[in-house]
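Shown next, in structure tokens, is the structure this report addresses.
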Amino acid sequence: MEDYMRGCTRKLALWYTRTFKPIMTHDELEPIMATLGFVGLPPTSSAAATKEYVFSSAGGWRSKWAPPAEAPLPRPRLPYPRIDGLHIYTYRAFIDAVNFYLRMSDISDLFHVRGMPLHDLHRISDRNRKWRKMEEDDSVFVYREGTLDQATFNMYHSTNKNISNSTASNGSSGSTVTSGNSIVIREKGNNTPVSCIVPLKDIIVIAAAQNEEEWKTATATYSNESDGSIITEGACGYGDLHRISYGKHSAGVSGILFNKGSTCGACYELRCVDHILWCLQGSPSVILTATDFCPPNFGLSKDYGGWCNFPNEHFEMSEAAFGEIAKKKADIVPVQYRRVKCERIGGIRFMVGGSSHFYQVLITNVGSDGEVLAVKVKGSRTGWIPMARNWGQNWQSNVNLKGQPLSFEVTVSSGRTLTSYNVAPANWQFGQTFEGKQF
């Protein structure tokens, strides 16, 4: 039972991008903060010790902007000395305070908040601390008790739930302590909390500066294909979308969403809103895969024809998919969209192409967040070779891999990596497609 509990929990830690280096203490954080223009203050001496950082006008990695003198100046602060296993609101307050001075468009370029395993048996510090369960969307995390103060909780939480009152019930096999949304299970005769009681979906990375579930506004039109689907070659390189199973539930996206092809394969949920004439009753939603680039037309207004002009967020859907959320008589409709996890049937597919001196692989049917960040290939006589994005989801390498079984390592934008060993046999041929594991 203890092994199961330990396997189904994750604790939160602050990770430093791009290489996802974990930061556990202020000794590791302070040099990074110094490069950003922050000076660390001595930690407080209270039982719940914290360490604050002050922005220095004499230095700074980015903007040295400051608000008017009469405005209160926030100070980024975190518990001392350990900064892993904190509540997500505590991290959010820290990152918002840092961004107050840096004014970055994407603060997650500096920091991520990432889940990590709870190793009760390997770390004494984990074993002797009290942890609480925390639910964020479909994920389950645990955090150290006492790392979320009431002021931070009120800042980011719309309701004032009682998170401090606890009740305990004792049984023959142990005890369960409940505190608001928190659950801690202890074995009989053992005060070490085992933590959560529900399985954890493999959602490990949380972008600290954005909410994946937040609906955003955009517009949508549809392409009039003969069978109601977009089936032509697109900027992602997928080819026939029915053959690779994306079919009618696909869309071309404007440049700001396409992001030079990196979002090929990402999944979006769309619903038509704010148009009583064209939106279907009840605002049903549809899940789409980004499969193409919607080019701009700066000769036309963004209200008619120039829908994909930068920085407009626009989806060019298949006619069949468009008909699931709006009436087809409409030219363009306002929509709300959000990124969702991709539900795929079968494993990731690798279609091998190129020649003996130019090796290329088209990657499709990627689950999880669907957006491939990096790819490595390995033959039986080579180590892991990083591949470069050629275009869309075509990845290339100049190494001759003929006559070797091939393994692939795929990393998606959330930071999760999946390795499929010996996907292609030694006698693979160009033009063949092979199936690996799935996220």
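- Interatomic distance, CZ of F408 versus CD1 of I363, reported as 7.5 Å (0.5 Å rounding).
- In this structure the side chain of F358 reaches within 4.5 angstrom of the side chain of N390, judged on heavy atoms.
- Between Y91 and H112, the side chains place no donor N or O within less than 3.5 Å of an acceptor N or O (distance only, hydrogens not considered).
- Contact check on R339 versus E269 returns no salt bridge, with no Lys/Arg side-chain nitrogen under 4.0 Å from an Asp/Glu carboxylate oxygen.
- Ionic pairing of R77 and D149 is present here: one or more N-O contacts between side-chain nitrogen and carboxylate oxygen are shorter than 4.0 angstrom.
- In this structure, the separation between CZ on R144 and CG on L86 is 5.5 Å, given to the nearest 0.5 Å.
- A cation-pi arrangement is present between K402 and W428 under the rule of less than 6.0 angstrom and at most 45 degrees off the ring axis.
- Annotation: F350 is not in aromatic contact with F434 [ring centroid separation under 6.0 Å not met].
- Ring geometry for H26 against Y53 counts as parallel: the plane angle stays under 30°, on a 0 to 90° scale with 60° as the upper cut.
- You'll find the ring centres of F38 and Y101 inside the 6.0 Å limit.
- Although no hydrogens or angles enter the test, the distance criterion places a donor-acceptor pair under 3.5 Å between the side chain of D369 and the main chain of S413.
- Relative orientation of the Y359 and F430 rings is tilted, given thresholds of 30° and 60° on the angle between their planes.
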